[in-house]
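The next block holds one structure in the form of structure tokens; read it before the comments.
Within every chain, numbering begins at 1; the chains are lettered A, B, ... in the order of the sequence lines, protein sequences first and strands thereafter.
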Amino acid sequence: MYFTKLISFLSAGAVVIPLAVVLFYRGELWRRNKFLVLLTGYALGCELLFYGLASCQVNTLGLGSLVPLLDFICCMLALAGLMKGPLWTRPVLVLSVGYFICAVVECSLYQLERSYPVTDTYGNLLRIGICLYAFYDLTEHPQGADLTRVPLFYFNTGLLVYSSGTLFLFAMMNQLMHVFALSWLLHAPLSIFFYSMLAKSMVCLVQTKS
Amino acid sequence: MPGSDEIVVFFGGTLALLLLTGGMVVFVLRYSRRIALHQEELMQQREKQQAEMLEAVLQAQENALRQVSEELHDGLAPDMMAVNQQLFLYKKMVEKGEDTTGQYQTVKEMLRQATDTARHLSHQLTPANIERFGLAATLREVFATMNQTDELHRELQAEDSFVRLPVRDELMLYRIVQELLHNTMKYARASTFTVQLRVEGQQAVMVVSDNGIGFSTTATPANYGIGLKNVESRVQVLGGEWQLTSAPDRGTSFVFKIPFHPYKI
């Protein structure tokens, strides 16, 4: 029990890393890319909500389809703001709309409080594909000689590693219910990594000359 | 343990995917670094090329000024001094009451030669006719004048299809011909220098050739090289392309292809 709480605390608590950056550079960050700030605010809200509900032993599976959908929107808006080329190309748009429709259909057809949504895996795969596309965009439209100073590189790396790392977790969630704590053990470092990369991308964004 | 297969698939799959992702990130990082290095190299090469071209243009200007100075010093100045001496003799003959008809003709001829030298010099500096009559007519006139001064036969073959180009382009082509003619006279030991002008599709084509000693294109002579850089910079300004063909004892030929923008009067 103590172990599970520690994992969930670490996983959720990592949001303080980008939050600290947002609080430090709030005005400048908002001016440069408001979606990164909104993403951090949204992540903080979600982590607090899930931590609170989990602490009260409330089943959070019902939010399983809604939260990834909002996650997807926030991440894509932030990514589009960092990319030089267009993100919303026709294939990306069609696949995203497909994801929304599937998620809505799944929400209305299945009892989500009993099983984890399947569309989340689809969303994860879509995110991986879009991250690879963002890397392609980064090589096609270089944003500087040194990639380690490019905000998009950090944000995209964080999102890609998190999405890849959690792909099997979310895809096999229903089969891994009996080892729930063990499987979520992996989520904590991935979550910390993503939030760290988000923070680093925000720092890079502020330090980049406008 | 129940569901151990699922756990193996979960951890194995996740680990494999994370390794793949990590590899991808490292690849992007290294690839972009390589691209950045390549772009930096390209930029350095371009800067070096521009510096070389600027040097060639400055060198060409310096050569032109030196040539004018030499023409003034070796041509016009002695001519005028000789005229001065002849006029002095003419004055003496008038004072003595001698017949001055022959002396008058001598002075007149010397003044004509001096005028020719001045006109030749003027042509070299700026061909005034190029704006009014175009490249072909100017070259024809200049060649006709120059053919009387030495043994090199300069020939222009302009097809009827060759129409007027913008003055800037014609002036650039004229300078190129001037540069190549200078090289031919100085190094080629040729008896014929030919310029062909024609239009091919959307390009104005100029072929400049001589029947001189030629040179190996893999080891261009140093002095020739400076002139060629000057030619290259002018062709680049015109947005065209050029090709050099030469071999020892087989003459030299240059083909210039310039995007064709007909001149509208």
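Around atom CZ of B/Phe11, more than 12 heavy atoms belonging to other residues, nucleotides or ligands sit under 6.0 Å away. Surrounding CZ of B/Arg34 are at most 12 heavy atoms belonging to other residues, nucleotides or ligands under 6.0 Å away.
In this structure, B/Met24 and A/Phe135 approach most closely via the heavy-atom pair CG-CD1, 4.3 Å.
A heavy-atom distance below 4.5 Å is found between the side chains of B/Leu18 and A/Leu190. Looking only at side-chain heavy atoms (C-beta outward), A/Leu169 and B/Thr14 stay at 4.5 Å or farther from each other. Under the 4.5 Å side-chain criterion, counting only non-hydrogen atoms from C-beta, A/Thr148 is in contact with B/Arg33.
For the side chain to side chain contact (heavy atoms under 4.5 Å, CB included) criterion with B/Thr21, the lone passing option out of A/Ser163, A/Ser164, A/Cys131 is A/Ser164.
Interface remark: A/Leu160 contributes backbone and side-chain atoms alike to the contact with chain B (heavy atom separation under 4.5 Å). Neither the backbone nor the side chain of A/Tyr136 comes within contact range of chain B, judged by heavy atoms closer than 4.5 Å. Residue B/Tyr31 touches chain A through its side chain alone, counting heavy-atom pairs closer than 4.5 Å. Using a 4.5 Å cut-off between heavy atoms, B/Ile35 touches chain A through its side chain atoms alone.
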